[in-house]
Each structure stands twice: as structure tokens, then as C-alpha cells.
Number of protein chains: 2
Amino acid sequence: MSPLEPELKDDVEEIIETIIYLYTESRRLTKELARRAQLTGPQLTVVKILESIDDLSLSELSERIRAQNSTVTGIIDRMEREGLVVRERSTEDRRVVKIRLTPKGADIAAAIPVEPMEMFRAALASLTKDEVRDLLRILGKLSKKVKTIIKRDAAHPRGGAAEE
Amino acid sequence: MSPLEPELKDDVEEIIETIIYLYTESRRLTKELARRAQLTGPQLTVVKILESIDDLSLSELSERIRAQNSTVTGIIDRMEREGLVVRERSTEDRRVVKIRLTPKGADIAAAIPVEPMEMFRAALASLTKDEVRDLLRILGKLSKKVKTIIKRDAAHPRGGAAEE
DNA sequence: GGGCGATATTTCGCATGCTAAAGAATCCCC
DNA sequence: GGGGATTCTTTAGCATGCGAAATATCGCCC
């Protein structure tokens, strides 16, 4: 189950480093792209999501951008202040707030041609088909394992995250 | 150069999703681990770095945790307030501030047995040697390509990040 | 039909995290 | 050896980002 040997330790470090690098770099680029349209990174993400899905509740939006509701409340506050989106109370369930792009918000979204993460996509295009397939398979296995560890850790939340 | 075909588009999405998942999850776990010692995530990281390297300048520390100096200034402010570290002006170069663990900080560091990212390491241990090697190779190729794209983009910073 | 637990959103307080600009100290070059 | 460019750190202002508690509403169950 654990064929990992000492000599591979550095490899492990490097894999972690690389994943962190790829993540932070893609985020930085999203931010830079957003800046050209006078938006912040998360605001660009929200605008692009609403462009294709108009009419999303705050909770649904939070889930999509992997943030807490309270975080998204703040983001939407500022976007509403800037006239990019509007809040609309749902008529079916008055607890729910629907977020919708304003014409101004839609214009800005349309004016930004590339998706966030486009850079990532371009980089992945330099890999061969087989490499993409391998990468996907291995990362999938990795994240499945992580999910298992987390589940076990949630059940016995007292040690570190990795004791055998 | 770009053998990526339409049918692989979903694979690309999934790879990106997985990398984001792995990154955010490892961060969340670091934070949870830190909480048990009354620390925040970055504070745990700093304490663990200083445990092995005592005597690091603020800039060096920033570089290690991939954050801006101004961010680290704030983190160190709060850690100093809590009595975890002290600032010492360097005698050789009086512009430099050395950060050092206090006995209290050292105790806390010693009391936390696992490294941040340990969960990651445990998950990687479920891969075979060959998989680790492949993953490392492919991620390396990927990040090299990203670096190239960034460099090109920095030279011509006007379009999106990925135009061909 | 009234109360009670569950769900959706907001508020509050705090800790990152960034950029730009200010403040110190050093370097370097004439 | 003096001054300007450079480097190290901090300050200021803002935008996430989180958890916990407060609010509002809904659903259900008796």
C-alpha cells in the first residue's frame, strides 16, 4: 500500500511545489486579466459564470467558486455597488437571493474574450494525448486518496492528518 | 505542438479542477491542524520553517511562503504580539530584520508533530513509484510551459494569456 | 395553525493577501 | 565622500476569505 521510499521524498516535495506553483500562477494571471477590465479576480469569475447561467442564487454561486457564503456576500456587495450585478429576492422562496448581471456587467463580461484559466489550457495543450490521460488518471487517484484520508480524519479528528 | 483535440477538453477541465481541489484541500487541512495549536495556517507554516532554520530575514521568509513582504509583515506583527517570535535588527545590514522563534514559539512548534502538507504526502504514498515519476515528469513539463507562456505574455502584455 | 428544526443570507470580527508609496539604510560610481 | 539608484521593511487602503452568531423564511409535524 505504501511503496514510497526515502529516495522519492524529494520527488514528493517537488510535486507539491509544482501543484502550488501552478495554482498560484493561474490565480495571479486571472487577477491580471481582470485588472484590465477594472475588476478583481473573483469578480471576473463571477461575471463570467453569470454570463452563461444568469439567475443563480448566492449559495449556488458560492459553491461554484468554492467560497463561503459570507465571502460571496461581500463580493456581491461590492459588485452591486459598482453596478455590475443586482440582487433579486426569489418569489418562490423568499430566503433565496438571485444574482443577475446588469447590462453594464454583461458588457464587461462580453468584452473579456478569454476564460480565466485559459493559460492553463494552453499549457496543457503542449502535452501529448497520453500524457494528458496519464496526468488525469494519476491526479484522480491522488484526489480519491485525499478524500479517503479526509473522511477518516473527520471521523477521528485528533491526530495529524497522515498517521498510518 | 498542439495535439489537443476537442474530445480532450473535458479532461483538461477535470485536471484543472483536480489541481484546484488538491491545493485548497491541503490548505484547509493545514489550517485545521494549526487551529489545534491556537495558530492560523500561515503562522503554523512560519513556526515550522523557523524551527529548522532559525534566523531568517523577513524577505527570505516571504519568499519561502510565497507571499509579499507586506503580507508577512502583518503575520509577524501578530505573531510577535502573541509572543511567538521576535524581530531582531541585523547588525551587518541594518535594513534587514531577522525573525527568531521565542521559547514559547519553539515549544509550540515542537508540539506539532506533523508537517503541513503531510496529508498530501500520505496520499502520494498510495501511488506506485512509476506513477510518482510520471506525475513529476508531466507536471514539470506543464509548469515549464506555463513559465514560457508567462514570459511571452510579460513581453507582450495586451491580449489574453493564451492566444496562439 | 403554531411552534420548532432546517435552510439561506447577512453581519461581525479577524487574518490574510495584494499594490503603491513612504522610510531607512546600503551600494556604487564619479 | 557625496548623491542617486537600489534594497529591505513598513504603512495604508482595499478586497478576499473564514467561522460564528444573528435574521429571515420555510417545512414539517403534532
Side-chain angles (χ1 to χ4, degrees), chain A residues 20 23-25 27-47 55-82 84-99 116, chain B residues 20 23-25 27-47 55-82 84-99 116:
Chain A
I20 292 175
Y23 174 87
T24 55
E25 204 50 51
R27 214 170 130 136
R28 194 186 64 72
L29 282 178
T30 296
K31 189 174 176 180
E32 185 184 323
L33 188 57
R35 195 180 46 72
R36 298 175 192 171
Q38 311 273 269
L39 299 178
T40 64
Q43 286 175 2
L44 171 56
T45 305
V46 168
V47 153
D55 200 338
L56 215 51
S57 79
L58 190 132
S59 294
E60 290 163 343
L61 197 52
S62 306
E63 201 169 330
R64 287 205 169 236
I65 69 178
R66 295 171 184 281
Q68 297 304 103
N69 283 349
S70 55
T71 298
V72 178
T73 291
I75 293 171
I76 297 301
D77 281 350
R78 288 177 290 271
M79 291 181 76
E80 204 172 20
R81 193 182 66 200
E82 298 295 326
L84 300 170
V85 299
V86 288
R87 280 181 166 92
E88 283 173 16
R89 211 89 213 180
S90 165
T91 48
E92 305 128 38
D93 185 340
R94 295 184 36 70
R95 290 171 303 180
V96 175
V97 170
K98 297 286 193 179
I99 315 294
Chain B
I20 292 175
Y23 175 86
T24 56
E25 204 50 53
R27 213 169 130 136
R28 194 186 64 72
L29 281 178
T30 297
K31 189 173 175 179
E32 183 185 324
L33 188 58
R35 195 179 46 74
R36 298 175 191 170
Q38 310 273 267
L39 298 179
T40 64
Q43 286 175 4
L44 171 55
T45 304
V46 168
V47 153
D55 201 337
L56 215 49
S57 80
L58 190 131
S59 294
E60 290 163 342
L61 198 51
S62 307
E63 199 169 333
R64 287 205 169 236
I65 69 177
R66 293 171 185 283
Q68 298 304 109
N69 283 348
S70 54
T71 299
V72 178
T73 292
I75 293 170
I76 296 302
D77 281 349
R78 288 178 289 271
M79 291 181 75
E80 202 171 20
R81 193 182 67 203
E82 298 297 324
L84 300 170
V85 298
V86 288
R87 279 182 167 92
E88 282 173 15
R89 212 88 212 182
S90 165
T91 48
E92 306 128 39
D93 185 339
R94 294 184 34 72
R95 291 170 304 180
V96 174
V97 169
K98 297 287 193 178
I99 316 295

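Note that this is a predicted model, so its numbers are computed, not measured. The basis for the numbers below is simple: all heavy atoms, side chains too, and nothing from hydrogens, waters or symmetry mates. Protein chains get the first letters and strands the later ones, always in sequence-line order, with residue 1 at the start of each.
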Outermost DNA chain D nucleotides near chain A [under 4.0 Å, heavy atoms]: D:dA15 to D:dC26

I'd like a list of close polar pairs between nucleotides 18-20 of chain C and the protein, N/O only, cut-off under 3.5 Å.
{"unit_1": "C:dC18", "atom_1": "OP2", "unit_2": "B:Gln68", "atom_2": "N", "d": "2.8"}
{"unit_1": "C:dC18", "atom_1": "OP2", "unit_2": "B:Thr71", "atom_2": "OG1", "d": "3.2"}
{"unit_1": "C:dT19", "atom_1": "OP2", "unit_2": "B:Gln68", "atom_2": "NE2", "d": "3.4"}
{"unit_1": "C:dT19", "atom_1": "O4", "unit_2": "B:Ser70", "atom_2": "OG", "d": "2.7"}

What does B:Arg35 touch in the nucleic acid at a heavy-atom separation under 4.0 angstrom: a base, only the sugar-phosphate, or nothing? nothing

Output the residues of residues 90-97 of chain A in contact with DNA chain D, where contact means a heavy atom of the residue under 4.0 Å from an atom of the strand; sort by number or write none. A:Asp93, A:Arg94, A:Arg95

With sequence neighbours excluded, tell me which residues meet side chain to side chain contact (heavy atoms under 4.5 Å, CB included) with B:Glu60. B:Leu56, B:Ser57

Mind calculating the distance between CD1 (B:Ile65) and C1' (C:dA15) to the nearest angstrom? 13 Å

Measure the distance from CD on B:Gln43 to P on C:dC14 and round it to the nearest whole Å. 14 Å

Considering only heavy atoms from C-beta outward, does the side chain of B:Thr24 approach that of B:Ile20 to under 4.5 Å? yes

What is the distance, to the nearest angstrom, from the CG atom on B:Leu39 to the P atom on C:dA15? 12 Å

For A:Arg81 and B:Thr73, find the nucleotide of DNA chain D closest to each by heavy atoms; which residue's nucleotide sits nearer the 5' end? B:Thr73

Residues which pass side chain to side chain contact (heavy atoms under 4.5 Å, CB included) with B:Arg35, listed by chain and number, not counting sequence neighbours: B:Glu32

If the condition is salt bridge (Lys or Arg N to Asp or Glu O under 4.0 Å), which residues does A:Asp77 pass it with, not counting sequence neighbours? A:Arg87

If I take atom CD in residue A:Glu32 and atom C1' in nucleotide C:dG17, what distance separates them, rounded to the nearest angstrom? 17 Å

For A:Ile76 and C:dA8, give me the distance from atom CD1 to atom P, rounded to whole Å. 17 Å

Flag the pair B:Val46 / B:Met79 as yes when at least one side-chain heavy-atom distance between them is below 4.5 Å, and no otherwise. yes

Residues 65-74 of chain A side chain polar contacts: donor-acceptor under 3.5 Å, at least two apart:
{"unit_1": "A:Arg66", "atom_1": "NH2", "unit_2": "B:Glu17", "atom_2": "OE1", "d": "2.9"}
{"unit_1": "A:Asn69", "atom_1": "OD1", "unit_2": "A:Ser62", "atom_2": "OG", "d": "2.7"}
{"unit_1": "A:Thr73", "atom_1": "OG1", "unit_2": "A:Asn69", "atom_2": "O", "d": "3.1"}

If you round to the nearest 0.5 Å, how far is NZ of A:Lys98 from CG of A:Leu61? 11.5 Å

My understanding is that only residues two or more places apart in sequence, or in another chain, count here; which of them pass side chain to side chain contact (heavy atoms under 4.5 Å, CB included) with A:Arg78? A:Gln43, A:Ile75, A:Arg81

Which residues share a side-chain hydrogen bond (donor to acceptor under 3.5 Å, both in side chains) with B:Arg95, sequence neighbours left out: B:Asp93

Once you round it to whole Å, what is the distance between C1' of C:dT10 and CD of A:Glu80? 13 Å

Please report, rounded to the nearest Å, how far the P atom of C:dA15 is from the CE atom of B:Met79. 12 Å

side-chain hydrogen bond (donor to acceptor under 3.5 Å, both in side chains) involving A:Glu63 - partner list, sequence neighbours excluded: none

Do side-chain atoms of A:Arg89 reach the backbone of A:Arg94 as a donor and acceptor pair under 3.5 angstrom? yes

CZ of B:Arg78 versus C1' of C:dG13: gap in Å, rounded? 13 Å

